[in-house]
Amino acid sequence: QVQVVESGGGLVQAGGSLRLSCVASGSIFRITTMGWYRQAPGKERNLVATITTGADINYADSVKGRFTISRDNAKNTVYLQMNSLKPEDTGVYYCNVKQYITQSYWGQGTQVTVSS
């Protein structure tokens, strides 16, 4: 079993910043990718950013230039620094951890609310 726990969500005004953290623990052998996804109310869950062990990064177009994903491989931790937040960034942010090729784990999510 792999446990994935997010933290750092909250309420912030437009233009503000938040930093999300995600820690994976448990039966970890070979994590390949860690990333963040978000789900707005009534919407599907969509990619925000991912980062591989080799530090290859992919961002959704909507967050480029505002969000930064980083990773501490030794601590099995991934971060998402969110700057210049907009109301449309509001949603539940989920951390995803991929191990080997077929294993994928999700956290419970952390709520991010951006007020106008």
Asker: Answer yes if Y59 and M82 sit in the same cluster of Ile, Leu, Val, Met, Phe, Trp and Tyr residues linked by side chain heavy atoms under 4.5 Å apart, and no otherwise.
Answerer: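 In one cluster with Y59: M82, yes.
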Asker: Do Q103 and Y105 meet the criterion of a side-chain donor-acceptor pair at a distance under 3.5 Å?
Answerer: yes
Asker: Tell me whether I51 shares a hydrophobic cluster with V97, the cluster being built from Ile, Leu, Val, Met, Phe, Trp, Tyr side chains joined at under 4.5 Å.
Answerer: yes
Asker: Write down the atom of S21, the atom of W36, and the distance for their closest heavy-atom approach.
Answerer: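 So the minimum-distance heavy-atom pair works out to O-CH2, 3.5 Å.
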Asker: May I have the list of side-chain donor-acceptor pairs in residues 3-18 shorter than 3.5 Å, sequence neighbours left out?
Answerer:
| from | atom 1 | to | atom 2 | distance (Å) |
| --- | --- | --- | --- | --- |
| E6 | OE1 | Q108 | N | 3.1 |
| E6 | OE1 | G109 | N | 3.0 |
| E6 | OE2 | C95 | N | 2.8 |
| E6 | OE2 | G109 | N | 3.2 |
| S17 | OG | N83 | OD1 | 2.8 |

Asker: Verify the cluster assignment for L80 and V63: are they in a single hydrophobic cluster under the rule of side-chain heavy atoms below 4.5 Å apart?
Answerer: yes
Asker: How long is the gap from OG1 on T68 to OH on Y79, to the nearest 0.5 Å?
Answerer: 14.0 Å
Asker: According to the interplanar angle, ranging from 0 to 90°, do the rings of Y93 and F67 count as parallel (below 30°), tilted (30 to 60°) or perpendicular (above 60°)?
Answerer: tilted
Asker: So, are K86 and D89 salt-bridged, with charged N and O less than 4.0 Å apart?
Answerer: no
Asker: I28: what forms a side-chain contact (heavy atoms from CB on, under 4.5 Å) with it, not counting sequence neighbours?
Answerer: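 Once residues adjacent in sequence are excluded, the partners of I28 under the side-chain contact (heavy atoms from CB on, under 4.5 Å) criterion are V2, A24, I31, N76, Q99.
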Asker: For the backbone of T113 and the side chain of T90, can you confirm whether one donor and one acceptor N or O come within less than 3.5 Å of each other?
Answerer: no
Asker: Which atom pair, heavy atoms only, marks the closest approach of V23 to K75?
Answerer: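 Closest heavy-atom pair between V23 and K75: CG1-O, 4.3 Å.
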Asker: Could you see if L20 belongs to whatever hydrophobic cluster contains Y37? Use Ile, Leu, Val, Met, Phe, Trp, Tyr and a side-chain cutoff under 4.5 Å.
Answerer: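 In one cluster: no.
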Asker: Could you tell me the separation between the CD atom of Q39 and the CG atom of N46, rounded to the nearest 0.5 Å?
Answerer: 8.5 Å
Asker: Is V92 reachable from V48 through a run of I, L, V, M, F, W or Y residues, each pair having side-chain heavy atoms under 4.5 Å apart?
Answerer: no
Asker: Ignoring hydrogens, what is the shortest heavy-atom contact between T52 and R71? Give both atom names and the distance.
Answerer: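 Result for this residue pair: C-NH1, 3.1 Å.
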Asker: Between N73 and T53, is there a donor-acceptor pair closer than 3.5 Å when you use the side chain of the first and the backbone of the second?
Answerer: yes
Asker: Measuring from S27:OG to Q1:CD, what's the distance to the nearest 0.5 Å?
Answerer: 7.0 Å
Asker: With side chains defined as the heavy atoms from C-beta onward, is the minimum distance between R38 and V112 less than 4.5 Å?
Answerer: no
Asker: Do N96 and Y94 have side chains that get closer than 4.5 Å, going by heavy atoms?
Answerer: no
